[in-house]
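One structure is given here, and the rest of the page talks about it.
Only this structure's heavy atoms are used, side chains among them; waters, hydrogens and symmetry mates stay out. A note on names: the letters A, B, ... follow the listed sequences, proteins ahead of strands, and every chain is numbered from 1.
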Amino acid sequence: MSRLQPARGTTDLMPAAMAGHQRVIGTARATAGLYGFQEMATPIFEFAEVFSRPLGDSSDVVTKETYNFTDRGGETLTLRPENTAGVVRAMISNGLTQSLPLKFFYAGPMFRYERPQKGRMRQFHQIGIEYLGPRDGLADAEIIGCGARILDDLGVLDRCTLHLNSLGDSESREAYRAALVDFFTAHEANLSQDSQARLKANPLRILDSKDAGDRAIIAEAPRLDAFLNDGSRRHFDSVTGALDGAGIAWSFDPLLVRGLDYYCHTAFEFITDALGAQGTVLGGGRYDGLSEMLGGPPVPGVGWAAGVERLAMLVGDVVPAAPPVAVMPMDGDAEGAAFALAETLRAVGIAVDLPTGGAIGKRLKRADRAGVRIAVILGSDEVAGGSAQIRDLGAGTQQEVAQAELATVLHAMLGEGQTS
RNA sequence: GCGGGUGUAGCUCAGUUGGUUAGAGCGCCAGUUUGUGGCACUGGAGGUCGCCGGUUCAAAACCGGUCACUCGCCCCA
């Protein structure tokens, strides 16, 4: 194997993989548009504080997973590990807090320094939406509905389960956190090492520990829903009520917590068991305090992000589109005429490949395998007579057609809307 | 950061208790077919056996290290 490899945790998106990504992104873009989300993009790197302030010290994403670097001007920059903070920063930077509500869709690469695994890369891609401004639970339900519809459009919803929880407002959360610390401190000696560390850094995270011993203790731990105050409970009820009313299936998961500090109220994940350990395919929640953490005015928001690689794996192989027509000169003498003819066809919207050189048989074979449906063959006889041979590679039939009629005949053979 | 598995041709993989020139299928190239693909047949090209070191008369095989991939932990999309 060559030493010329991509850096660890990165990969080339060759056409077959790219086709899968494009299917995911294209579907998401179209469906998000159906909900009124407009596409935007933020820079791939930001000042480090954009991520370090809101994500919180307890988050592994910031403490050990970010790519940080100093540029020639001495600025400390971070490759974005996620995009919500960047979108909210963009809202503030562009003075859009006067123009609420805002609905954004994005797609692009994210970067986390982690040990690569199935469905986990150091450079990976996310699609996501952010709904900025609304405080009510209907907005939460709407973005969840949008996520569900995208999964459905991709044909993977039936392999996913929607897990839903409420983290409550800061008051509820603090009360719960205190109770949880009390409880787990009493059991500290029996917790796994990882969870003992989490007890100090981020006690909520103990709840989704996979350690068997931890799980036994967790089963006895106080539940978050018992600590929700009236406002938090009302908010959660409005979300679940809206989901039920729209027929969106969900299951209550009191152990679902999010790794990032800025989440409050609604937390949700679409989880599949078809991808091994990385089962979360789309996840998000409400982040009402984020704007203030970044130094902006208080602006509530909800959003989610989904992993393009993970979704593409669920979707399965996607065959990259090949041009349906290949114009082939018999030999070098016909190349000029073939190029001119190909250009004529492209001008009327027919996608055309122009394989030259080598034996005609070889080119026909390649074209057939690549999915080309029709070969237009030009030899010296055809060039002299102003005609072309049209060969249907599926049927094996061939006919001679005047070049002037070629576009019309090809359109008819390919059918409407299938010319590209 | 921690643990397990795997690295042999472009791809998928064989390779016996360590033994002489490392194989197969697919793919690729050429021919049978000098203006035409799929099928068949014939021939051909293609390998630092991931890398470095060690053991041995002898290493693709055994040992150590290293790199990469992979699965899990952690974390998360």
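At a threshold of 4.0 angstrom between heavy atoms, the contacts of A:Gly396 include nucleobase atoms, whether or not backbone atoms are also involved. Counting any heavy atom pair closer than 4.0 Å across all strands shown, A:Asp368 reaches a base atom. A:Met313 comes within contact range of no nucleotide atom at all, as no heavy-atom separation falls under 4.0 Å. Base contact: A:Asp381 has a heavy atom under 4.0 Å from a base atom.
Between B:U56 and B:U16, the distance separating the two P atoms is 23 Å to the nearest Å. Across B:A59 and B:U20, the matching P atoms stand 11 Å from one another, rounded to whole Å.
Listed nucleotides B:C2, B:C76, B:C73 differ in distance to A:Arg205; the shortest reach to its side chain belongs to B:C76. Across B:A77, B:U36, B:G1, the shortest atom-to-atom separation from the side chain of A:Met330 is found for B:U36. The nucleotide whose nearest atom lies closest to any side-chain atom of A:Ile360 is, among B:C75, B:G72, B:U36, B:U36. Listed nucleotides: B:A30, B:G72, B:G37. Nearest to the side chain of A:Lys362: B:A30.
Put simply, A:Lys365 has no side-chain N or O that comes within less than 4.0 Å of OP1 or OP2 on B:U36. Distances shorter than 4.0 Å separate none of the side-chain N or O atoms of A:Gln389 from OP1 or OP2 on B:U36. For A:Arg366, no side-chain nitrogen or oxygen approaches OP1 or OP2 of B:C28 to under 4.0 Å. Taking side-chain N and O atoms only, A:Lys118 has no distance below 4.0 Å to OP1 or OP2 of B:U70. In terms of phosphate contacts, A:Arg8 brings a side-chain nitrogen or oxygen within less than 4.0 Å of OP1 or OP2 of B:C69.
With hydrogens and angles ignored, no donor-acceptor pair closer than 3.5 Å exists between the side chain of A:Arg369 and the base of B:G27. Counting distance only, with no hydrogens placed and no angle test, the side-chain atoms of A:Arg115 and the base atoms of B:C75 include no donor-acceptor pair under 3.5 Å.
Side-chain rings of A:Phe227 and A:Tyr176 approach one another, their centers coming within less than 6.0 Å. Between A:Phe69 and A:Phe45, the ring center distance clears the sub-6.0 Å criterion.
With hydrogens and angles disregarded, a donor-acceptor distance shorter than 3.5 Å links the side chain of A:Thr272 to the backbone of A:Arg159.
For A:Glu188, the salt bridge (charged side-chain N to carboxylate O under 4.0 Å, His left out) partners are A:Lys200, not counting sequence neighbours.
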**Q.** Nucleotide pairing, RNA chain B (Watson-Crick or G-U, distances under 3.5 Å), in dot-bracket with [ ] and |
**A.** (((((((..((((.....[...)))).(((((.......))))).....(((((..]....))))))))))))....
Solution key, residues 123-133 of chain A side-chain donor-acceptor pairs under 3.5 Å, sequence neighbours excluded:
unit_1	atom_1	unit_2	atom_2	d
A:His125	ND1	A:Glu309	OE2	2.8
A:Glu130	OE1	A:Tyr287	OH	2.5
A:Glu130	OE2	A:Thr84	OG1	2.9

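Residues A:Val308 and A:Ile377 each lie close to RNA chain B; by heavy-atom proximity, the contact nearer the 5' end of the strand is made by A:Ile377.
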